[in-house]
**Student:** 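One structure follows; several queries about it will come next.
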Amino acid sequence: MAENKKQVEQITDMEQDFAKWFTDVCKKAELIDYTSVKGLFIMRPYGYAVWENMQHILDTEFKKTGHENVYLPMLIPESLLQKEKDHVQGFAPECAWVTHGGTDELEERLCIRPTSETLFCEHYHNIIHSYRDLPKLYNQWCSVLRWEKTSRPFLRHREFLWQEGHTMHATAEEAIAETERMLNVYADFCENVLAMPVTRGLKTDKEKFAGAERTYCVECMMHDKKALQGGTSHYFGDGFAKAFDITFTDKDNKQAYPHQTSWGVSTRLIGGIIMTHGDNNGLVLPPRIAPIQVVVIPVAQHKDGVLDANRAVFARLQEAGLRVKMDDSDNSPGWKFAEYEMKGVPIRLELGPKDIENNQCVLVRRDSGEKSFVSLDGLEDTIKTLLDSIHDGLYAKAKKNLDDNTYACATLEEVKEKMATRGGFAKTMWCGDEACEIRMKEEAGVSSRCIPLHQEHLGDVCAVCGKPATKMVDWGVAY
RNA sequence: CCGGGUGUAGCGGAGCUGGUACCGCGCGUGGUUUGGGACCACGAGAUCGCACGUUCGAAUCGUGUCACUCGGACCA
């Protein structure tokens, strides 16, 4: 074994440079590739497979909760986009426009959707007439375009893949219940599928969605203690309905405006997975969305019977419904070990001549590196149990990171000092005044992440101005 | 969008007091290997991000532009 040989595929240590580590992982794990246009990325098969797995699980949940998938066009006429004032103001700065059809200039320029509220509203205007038409529970899987000034793989693409749910309800109560239901779908998904603990909360007025009355969110903490918004769920009241003249006849034969919601998660969650679970050897994927859950690596595969034994194990695991790959390429076993570690495959299975003799194989966990020798009898169940245990381990580790780095502060000074020394999330009481929020950003460098739904009473006064406070807010540096 | 850095073969780098390019890894073929990124031999591959300019001559100097990157501003 050659010592000190430079490893071409080396990944920068996260302690040394977290941002570099992140992009190294994205590239070396073959999740993503750059293109010649800033902010537009190629999702390579391995990265796209992660998204497909996420999509499949979420889509199943959406359908279970009564939603239907639709597809709306990607171009929005300028006049349509401008119907809701707050909404335009929020999105106009980052819209990309189509101005020509062939060589002819268009009479009205068309915006490439940054989000589809306006198109949904136009459509709902046409199809909602009676309370019998409600609720409308639609979801769309698509990509949207936002001309961001700075971009990073997964965290900020100019074009990104997402789903956007858009629903219409007869009453405010029903719409709010929908908003909260979907927030919980997201929270459960993050925790039970991605092994990412979340804080459920409400955005402050300053941070809420353009045009929304209320924005709920799930906030996650990354390994570098910065915050990442995992998903959002908005309650619009009847603001858009009024702007787009969407009305229905209620049971009492009176005209009424329906109440609306929208909610979404994007490929940004993949960035969250990377920064929550990854380590200095590369990606660490949560088992429930890993494109490959088990990689089978034959050892001494040139020897008689080894490949056949490996193929048999591979077939068994595949038959058992596991996502499994066998690598019988002529790379050395050591090379393969490093390769699949970098790609975050949860379990490596080694099977060589000695194992075959003993009716066993070697299982190695990606998260802990722990190695175990297990019998080939009942291997399917052993592996399924191990995958669950890896999920739990990842969750516990991320939860510890969140808990250890969330702390209460009584004053702005304290937030300033703690943020400078240890980062993470500070929770403080807040009076509700935007001026205090701005001051917190200016002086402590943190923005309000959310007003957690699970409130604690830390004191009676706002940490910034000292006036009476009623809400507890989580503050942090966000991606 | 503002300020700093970078751009040479698939990847990482050297060359940058001007004379059309070098190294390691990777890649191809053959052989030997195979329980933590194996080894030997031979071979293929880049008009130096792009454009314009200075020059007899530009990877090298100048201007512009695009992309990446680090801060900052902005960002459902």
Side-chain angles (χ1 to χ4, degrees), chain A residues 1-12 17-20 22-24 26-28 30 33-41 84 86-95 113-117 144 146-153 155-158 160 162 164 166 203 206-212 214-217 229-236 261-266 268 281-282 297-303 306-307 328-342 348-356 361-362 364 369 371 373 441-442 445 447 477-479:
Chain A
M1 203 59 50
E3 299 281 340
N4 300 325
K5 192 145 231 175
K6 187 181 174 188
Q7 293 191 0
V8 178
E9 307 278 79
Q10 197 170 27
I11 293 169
T12 308
D17 185 341
F18 194 79
K20 181 89 169 17
F22 177 78
T23 47
D24 279 354
C26 290
K27 285 190 289 188
K28 303 286 163 58
E30 298 183 350
D33 199 14
Y34 288 82
T35 67
S36 53
V37 181
K38 180 190 178 72
L40 303 186
F41 297 90
E84 213 287 339
D86 291 339
H87 190 67
V88 190
Q89 278 186 356
F91 284 104
E94 47 185 2
C95 283
R113 64 179 165 219
T115 178
S116 305
E117 270 75 9
V144 290
R146 297 178 188 181
W147 214 249
E148 304 283 357
K149 286 167 183 166
T150 53
S151 57
R152 299 187 64 188
L155 302 175
R156 182 156 283 117
H157 290 197
R158 280 178 170 174
F160 59 90
W162 78 344
E164 44 180 332
H166 294 268
K203 286 291 184 190
K206 183 173 180 292
E207 299 285 332
K208 74 184 187 187
F209 182 82
R214 237 188 247 184
T215 291
Y216 291 86
C217 60
Q229 182 177 295
T232 48
S233 183
H234 316 288
Y235 168 63
F236 288 112
T261 83
S262 83
W263 28 274
V265 297
S266 71
R268 200 179 206 204
N281 288 322
I297 299 183
V299 172
Q301 64 186 29
H302 58 290
K303 293 198 177 153
V306 171
L307 269 182
D328 59 357
S329 67
D330 57 8
N331 288 307
S332 72
W335 186 91
K336 293 174 190 173
F337 297 167
E339 175 71 9
Y340 294 101
E341 260 162 31
M342 202 160 62
R348 174 172 87 236
L349 188 157
E350 301 170 23
L351 184 63
K354 286 183 239 166
D355 304 308
I356 295 166
C361 66
V362 180
V364 183
K371 199 178 234 190
F373 296 81
K441 170 74 185 169
E442 281 171 355
S447 55
V477 178
Y479 272 99

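Labels below follow one simple rule: chain letters A, B, ... track the order of the sequence lines, proteins then strands, and each chain is numbered from 1. Only heavy atoms go into these numbers, but all of them, side chains included; no hydrogens, no water, no symmetry mates.
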**Student:** With a 3.5 Å limit on both atom pairs, tell me what B/C1 is paired to, counting Watson-Crick and G-U wobble, or say none.
**Tutor:**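 B/C1 is paired, partner B/G72.
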**Student:** If the C1' atom of B/G13 is compared with that of B/A21, how far apart are they to the nearest Å?
**Tutor:**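 Their C1' atoms lie roughly 14 Å apart.
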**Student:** Answer yes or no on whether A/Arg268 is positioned over the face of A/Phe160, meaning its NZ or CZ is under 6.0 Å from the six-membered ring centre and within 45° of the axis.
**Tutor:**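 A/Arg268 over A/Phe160 ring: no.
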**Student:** Looking at every strand, decide which applies to A/Glu350 at a 4.0 Å heavy-atom threshold: base, sugar-phosphate, or nothing.
**Tutor:** base
**Student:** Which part of the nucleic acid, if any, lies within reach of A/Asp355 when heavy atoms closer than 4.0 Å are counted: base, sugar-phosphate only, or nothing?
**Tutor:**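 It contacts base atoms.
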**Student:** Expressed in whole Å, how much space separates the C1' atoms belonging to B/C48 and B/G19?
**Tutor:** 16 Å
**Student:** Just say parallel, tilted or perpendicular for the rings of A/Phe236 and A/His234, cut-offs at 30° and 60°.
**Tutor:** tilted
**Student:** Using both distances under 3.5 Å as the test, list the Watson-Crick or G-U wobble partner of B/C11, or none.
**Tutor:**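 When the pairing criteria are applied, B/G24 turns out to be the nucleotide that pairs with B/C11.
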**Student:** May I ask you to say what A/Gly369 touches in the nucleic acid, namely base, sugar-phosphate or nothing, with a heavy-atom cut-off under 4.0 Å?
**Tutor:**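 No contact.
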**Student:** Identify whether any heavy atom of A/Pro114 sits under 4.0 Å from a base atom; if not, whether one sits that close to sugar-phosphate; answer base, sugar-phosphate or nothing.
**Tutor:** nothing
**Student:** If you measure from the P atom in B/U69 to the same atom in B/U55, how many Å do you get, rounded?
**Tutor:** 38 Å
**Student:** What is the base-pairing partner of B/G45, counting Watson-Crick and G-U wobble geometry with both distances under 3.5 Å?
**Tutor:** none
**Student:** Quote, to the nearest angstrom, the C1' distance that separates B/C50 from B/C66.
**Tutor:** 7 Å
**Student:** Within the structure shown, what part of the strands sits under 4.0 Å from A/Lys354 by heavy-atom distance: base, sugar-phosphate, or nothing?
**Tutor:** base
**Student:** Could you check which nucleotide pairs with B/C61 in any of the strands shown, counting Watson-Crick or G-U wobble with both distances under 3.5 Å?
**Tutor:** B/G53
**Student:** Does A/His166 have any ring-ring contact (aromatic ring centres under 6.0 Å, His included) partners at least two apart in sequence or in another chain, and if so, which?
**Tutor:**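 Applying ring-ring contact (aromatic ring centres under 6.0 Å, His included) to A/His166 gives A/Phe120.
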**Student:** Identify whether any heavy atom of A/Ser262 sits under 4.0 Å from a base atom; if not, whether one sits that close to sugar-phosphate; answer base, sugar-phosphate or nothing.
**Tutor:** nothing
**Student:** Identify whether a stacking contact exists between A/His302 and B/U33, where the ring centres must be under 5.5 Å apart and the planes under 30° apart.
**Tutor:**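 It does not: the two rings, one from A/His302 and one from B/U33, miss the stacking criterion.
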**Student:** Between A/Phe373 and A/Phe160, which is nearer to the 5' end of RNA chain B once each is assigned its nearest nucleotide?
**Tutor:**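 Whichever sits nearer the 5' end wins; that is A/Phe373.
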**Student:** With nearest nucleotides of RNA chain B determined for A/Gly352 and A/Lys206 from heavy-atom distances, which residue corresponds to the more 5′ nucleotide?
**Tutor:** A/Gly352
**Student:** Between B/U34 and A/Ser332, is there an OP1 or OP2 to side-chain N/O distance shorter than 4.0 Å?
**Tutor:**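 No.
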**Student:** C1' atom, B/U54 versus B/U63: distance in rounded Å?
**Tutor:**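 After rounding to an integer number of Å, I get 11 Å for this pair.
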**Student:** Give me the distance, rounded to whole Å, that separates B/G4 from B/C75 when you measure between the P atoms they each carry.
**Tutor:** 24 Å
**Student:** So A/Ala19, base contact, sugar-phosphate only, or nothing? Heavy-atom distance under 4.0 Å.
**Tutor:** sugar-phosphate
**Student:** Taking pairing as Watson-Crick or G-U wobble with both contacts under 3.5 Å, can you name the mate of B/U6, or confirm there isn't one?
**Tutor:**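 Base-paired to B/A67.
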**Student:** Across the strands shown, which category fits A/Trp162 at heavy-atom distances under 4.0 angstrom: base, sugar-phosphate, nothing?
**Tutor:** base
**Student:** Under 4.5 Å between any side-chain heavy atoms of A/Glu117 and A/Ser262, yes or no?
**Tutor:**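 Result yes, sub-4.5 Å side-chain heavy-atom pair found.
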**Student:** So what does A/Ser36 hit on the nucleic acid, given a heavy-atom distance under 4.0 Å: a base, only sugar-phosphate, or nothing?
**Tutor:** sugar-phosphate
**Student:** In whole Å, what is the span from the CD atom of A/Glu30 to the C1' atom of B/C11?
**Tutor:**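 After rounding, the gap between these two atoms is 12 Å.
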**Student:** Taking only the P atom of each, what is the distance from B/C22 to B/U65 in whole angstrom?
**Tutor:**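 Roughly 34 Å separates the two P atoms.
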**Student:** Give a yes/no on whether any side-chain N or O of A/Tyr34 is located under 4.0 angstrom from OP1 or OP2 of B/G7.
**Tutor:**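 So the side chain of A/Tyr34 is outside the cut-off, no N or O lying under 4.0 Å from OP1 or OP2 of B/G7.
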**Student:** Can you find a donor-acceptor N/O pair under 3.5 angstrom joining the side chain of A/Glu341 to the base of B/G36?
**Tutor:**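 Indeed, a donor on one side and an acceptor on the other fall under 3.5 Å apart.
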**Student:** Within a reach of under 6.0 Å around NZ of A/Lys303, are more than 12 heavy atoms found that belong to other residues, nucleotides or ligands?
**Tutor:**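 No, NZ of A/Lys303 has 12 or fewer neighbouring heavy atoms, counting only those of other groups under 6.0 Å.
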**Student:** Think A/Lys149 has a side-chain N or O under 4.0 angstrom from the OP1 or OP2 of B/C75?
**Tutor:**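 No, outside the criterion.
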**Student:** Answer with yes or no whether A/Arg156 presents, from its side chain, a donor or acceptor under 3.5 Å of a partner atom in the base of B/C75.
**Tutor:**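 Under the 3.5 Å cut-off, the side chain and the base do form a donor-acceptor pair.
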**Student:** Please measure how far the P atom in B/C61 lies from the corresponding atom in B/C16, and state the result in whole Å.
**Tutor:**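 The answer is 10 Å between these two P atoms.
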